[in-house]
Amino acid sequence: NESAPQESESNQIVSCSKIHIPSNHLGGFNRSNANDGRLLSSSPGAGTGGTATGNNKPAPGPPEEQQTLLAVLQFLKKSKLAESAEILRREAGLPEDALDPKGTDASGSGPGLAAGSGQVDGVDASSLLSRVTVSSSAAAQAPKKAAAGEDQPDVSVVLSAYSQQGDPSLYDAYYSGLKRFIESVLDCHRAELSQLFYPLFVHMYLELVYNNNESVAKAFFEKFSGDQECYYEQDLRILSSLTKKEHMKGNETLLDFRTSKFVLRISRDSYQLLKRHLQERQNNQIWNIIQEHLYIDIFDGMPRSKSQIDAMSGSLAGEARREANKAKVFYGLLKEPEIELPLDDEDEEAENEEGKPKKKKPKKDSMGSKSKKQDPNAPLQTRIPLPELKDSDKLDKIMYMKESTKRIRLGSDNLPSICFYTFLNAYQGLTAVDVTDDSSLIAGGFADSTVRVWSVTPKKLRKVKSAADLNLIDKESDDVLERIMDEKTASELKILYGHSGPVYGISFSPDRNYLLSSSEDGTIRLWSLQTFTCLVGYKGHNYPVWDTQFSPYGYYFVSGGHDRVARLWATDHYQPLRIFAGHLADITCTRFHPNSNYVATGSSDRTIRLWDVLNGNCVRIFTGHKGPIHALAFSPNGKFLASGATDGRVLLWDIGHGLMVGELKGHTDTIYSLRFSRDGEILASGSMDNTVRLWDAMKAFDDLETDDFTAATGHIHLQDNSQELLLGTYMTKSTPVLHLHFTRRNLLLAAGAYNP
Amino acid sequence: MSLIHSETLVVNCLRCSWVDPFKFHCSKLSIVLSRFVISAMAEERRQKQCSVVLPTESMKAMAESVGVGQLQEDSCVALSEEVSYRIKEIAQDALKFMHHGKRRKLTTSDIDNALKLKNVEPLYGFQSQEFIPFRFASGGGRELHFYEEKEVDLSDIINTPLPRVPLDVSLKAHWLSIEGVQPSIPENPPPASKEQQKTESTEPLKVVKPGQEEKGTIQGKGQSTTTPDGKGKEKGLIRLKPRSTHELSVEQQLYYKEITEACVGSCEAKRAEALQSIATDPGLYQMLPRFSTFISEGVRVNVVQNNLALLIYLMRMVKALMDNPTLYLEKYLHELIPAVVTCIVSKQLCLRPDVDNHWALRDFAARLMAQSCKTFSTTTNNIQSRVTKTLTKSLFDDKTQWTTRYGCIAGLAELGADVIKTLILPRLTVEGARIKAVMEGPVVSNIDKIGAEHVQTLLLKHCASVIAKIRPQPDNVEQYRAEYGYLGPMLCSHVVKARTQATLQAQQVNRTTLTITQPRPTLSVSQSGLTGSGGPRTPSIIKVPSSLTLMSPRPGTPSQPSPPATKYIVMGTSAGAASTQQVRVI
């Protein structure tokens, strides 16, 4: 699994060494140097050239990680990247002889563990704890043995794990035997044990294919594929096309299945039942598969019901392990910098509406005091270095606060107005849309590789004058910022040319000076909205980049693409600062947490992961979607996450507890956009089914707080109240809704291309 | 065959065949590709996808195309399996690109991108925005799909002027919702779709009004549960059609008042606006019953009063209603059709039949009738045959007046060439004799004479083009006379004219299709081709929606209308003429 992203990574290293982008290309980024220093000091080794590979695993603690490192090392050696290998080895503190050929042994136990014991420095306490609990359980044997063998470093090794085989003709009997058994157990256990069907089915099928029993495999598939849950259909389709051993090589889906263990969550009682049955029947074949390829997470307590299981399953690799969601997440918001409002403007306005300023002032004070209080769940202000505020940013903040006093309070009885921006004559070419925070600009990415920026206010878009003309300007004058603009270039629309493939992701910087675009050509481009030219092309993803987004504080941005990794960049570095690896399929969408300390990524493997920007760790894995995830949105208070997928459902997640807290059904097609209103009362969702829907987010989250979370078992109990939460459905005239945006006054803007 | 060998060969094979300038194989592969994609996209059905494999003959054909003559059967099998698998893989990836392109349709560029992902050279020069039409042919026990490629004469392309540059992307804002309520503006879909209106009218038992919650149904349910006895009673209950109230909001009432006043008022500009509103507004369905009653009552009254202008206005309202794509008119045909037919065949439509141009109204109404026959006629309501029957009956009646006769013929003629052929052509001799009696016989009344003249021109106009089509070439005056009696010679000259015009028009059609000067596909080219006199004006007129052209305040010549240009344009002139004239009269 590791080899794919690493490969592109190493390519990137090579390619980057050829490209020198002087940092002064980034006009206006004066603060960059200071930040750079701080960033480096906060996490040593970050962003230093070729060692980027090591960054996402700074604490090679558990043996698996150790082994991954070894595999990477071996790969680098094999690719004759001796220098990188050496640096990585030094960084990771591995001994000189760590790269013993034994290191890639299929059992993978020996050297990795030995080396790992030397310098376990940052083992996560919780993960260690869970390890202990698991091994003390009855199933101690299985997970332990399996743990040693997971994250196989090489493809051939992965495949060879299938070499042992039973009689192919008996597979059918084994499977149907198990099926009969599971169908005969008590109802309460049946739902839990039924989870076994799918992974077992896939592994047995793959084993048959691997051992060249094509016809048996085909018969097996045809006989039992119909029994599988409908949400696995997409994977089954891929599986069905795979009928030969040769196909297995290079098939990503298969590799995913092999390298990651399918995680099942089963109650202790059910597990005992299964174990007893298998031992009685001496059904070693199935037992082997369970032991080697499945990870059974056993919990004490009542078995879960069918609906509970269905809510959580559906991802490519089963549910998330419980310990994966145990890490503490600082989901609170950062303290807003204190800015004194210049009251004179306010007064001017107040002259028109008498009596109001007095009302406003106390309100403002209360708001200010709210933001002064430190949220216990918030990360430290300096947890990651953030750019300092410039004067223009402060002005913008003031504008923001002014606007927010005029904000409409939304609620179930006070729905927002929706203004729809239709892209006409787009000929099906519109692929991405973004709107600036102050709703003054709207940008569209198109399949013809262009990016178009419109001004939706009367203020037209102007370029900065050429260097020669700028020399003529009186730099002392008050309106110098106005004078540097070239009136002749004023227009409502500017087109940015530069990409060589469809533009799939687009994002404005918070200060509206820059625009990011990610494209099929594998690059992310940074555009200046002052000169309307491209400043930097960030190369790293060698495959299509599906999405990119600026941090809410600017400077950083995240991208994710077909190469299955998300990358964190800073605008003044041409190499990524962090690489978030772990998804088993394309990363389809990326979002920054409002406090900029976390990044959420949605993927085609039907999971959502939350990554810590500070250390690159994956801190949450959310499973439950039944299709690739195409939309993510954080609630403004940072506590919740909403996600939308091709299955047309919106799921709501509590980040702190790491649990699914709601399901909104109603859309009939892929959801491409989600957005919370500015105060978080309303969730808007836009979909390919040409509708915008509004949901009562307040109610969805309020109901929860009374519930006690059974976080220990991770059980959830969802009420089916989508209909109550749905506040409105608005059809467009065959215009899929690609983007949603709440203005600072809570007017909802929607955008899409008319599709006659 | 070794694995690697087969793989490289396949990739080569794929590449070669795809880049092959002879598109045959390429198209064949694409068919398979599309078939796989279809099977991949058919989410609901769980097919036995294992078995979908390319036929080995395709492999052979492709191998031959790249110069491999003798391919063994088992290598073919191995190859075809491999190729099928790879194609499936590519299709899977292409779907990814489709999803990210935010589309529902897979395009060739998606497949290109998927190929690029696999490091295979994409298919150059095979761009197509929409689907690629594959033809199917079979014969001699073989089935073949092929991609039809016509030979193009290069000089034709060079000589034709460049097509219009496609419109650039633009941004347009509208209100999708205002504080939670979706406004009924043309940018938004109609509040109740046509299908919904249809189900409401055809299945009244399931009616759930969007506004008032299902009171009726709840009651119905309650009753059926409280009466446990007998199915018969329940059935009786179900058959009861719940009374549906048509409450109009104050705004709607105001709108209705404004619109109806503008439609029959004297200000032409206002009327134009009102009709435009009726023709395009998506939220009118609640007012439809009122409009329908307004029209039918209006016709009833004004026919008696012989108020030609108002009748014309009402007919234009009917036209506007029919033009509105969001309205489900079927429910109100019982009111509209009698009104329209009245305007076609009524004995007298105006105060001064000798001067006023009521003929234009008849023509216009006849056209409306034909249009509604075309759109609304079904096997259950049989509108067309009922209307035809009515019209023929009075046409065959000897006592029918000239005005009515004219209406009958116009109404029938508008229904199409087949109707003319079967119903009017056999009558030509009889009608000719009747006309002759008026024209050459003792002077009766002036009105009769005018009527006869109109009928004559009408017959000549409609019959000539039909005869031109069904009769073989040499047009002999004597033959015509023998066959059609009095009208024969005139018919003959008209037919000759029609023939020359048809050839002229054929050339024009060629021109128009190449230069794409016809922005409105609804107006068929043959009609515009006839535009002899109105030549230079037509393009500018065509651009305006037809409902607008009708109201063009252009002063027309009140006497004889010029020979027909496009249907609606000529109507526009004559109707406009009639109305202005009428206004003057009033």
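In what follows, chains carry the letters A, B, and so on, assigned in the order in which the sequence lines appear, proteins first and then strands, with residues in each chain numbered from 1.
- Contact count versus chain B (heavy atoms, under 4.5 Å) is highest, among A:N414, A:N690, A:D586, A:V692, for A:D586.
- Using a 4.5 Å heavy-atom threshold, the side chains of A:L493 and B:V169 count as separate.
- In terms of heavy-atom proximity, A:I671 sits nearest to A:A631 at O-CB, 3.8 Å.
- At a 4.5 Å heavy-atom cutoff, the contact between A:L430 and chain B is made by backbone atoms alone.
- In terms of non-hydrogen atom pairs under 4.5 Å with chain B, the most contact-rich of A:I408, A:T431, A:L239, A:D669 is A:T431.
- Comparing B:I178, B:V181, B:D93 by how many heavy-atom pairs each has under 4.5 Å with chain A, the most go to B:I178.
- For the pair A:E222 and A:K218, the salt-bridge criterion is not met [side-chain N within less than 4.0 Å of a carboxylate O].
- Using a 4.5 Å cut-off between heavy atoms, A:V503 does not touch chain B at all.
- Chain B forms the most heavy-atom pairs under 4.5 Å with one residue out of A:G728, A:A426, A:P416, and that residue is A:P416.
- Of the listed residues (B:R103, B:H174, B:E81, B:E89), the greatest number of heavy-atom pairs within a distance under 4.5 Å of chain A belongs to B:H174.
- Comparing B:K102, B:H99, B:K116 by how many heavy-atom pairs each has under 4.5 Å with chain A, the most go to B:K102.
- A:F446 touches chain B through its side chain: at least one heavy atom from C-beta onward sits under 4.5 Å away, while N, CA, C and O do not.
- With a 4.5 angstrom heavy-atom cutoff, A:T670 touches chain B only via side-chain atoms.
- For the pair A:S449 (side chain) and A:G501 (backbone), a donor-acceptor distance under 3.5 Å is present.
- Of all the listed residues (A:L748, A:L738, A:T646, A:T735), the one sharing the greatest number of non-hydrogen pairs under 4.5 Å with chain B is A:L738.
- Among residues two or more places apart in sequence or in another chain, the ring-ring contact (aromatic ring centres under 6.0 Å, His included) test is passed with A:H562 by A:Y543.
- Without hydrogens or angle criteria, A:S519 side chain to A:P502 main chain gives a donor-acceptor distance under 3.5 Å.
- Ring geometry for A:Y504 against B:H100 counts as perpendicular: the plane angle is over 60°, on a 0 to 90° scale with 30° as the lower cut.
- Contact of A:L694 with chain B is not made at all, since no heavy-atom distance falls under 4.5 Å.
- Applying the salt bridge (Lys or Arg N to Asp or Glu O under 4.0 Å) test to every pair with at least one member in residues 170-179 of chain B, sequence neighbours left out, gives these pairs: B:K172-B:E187.
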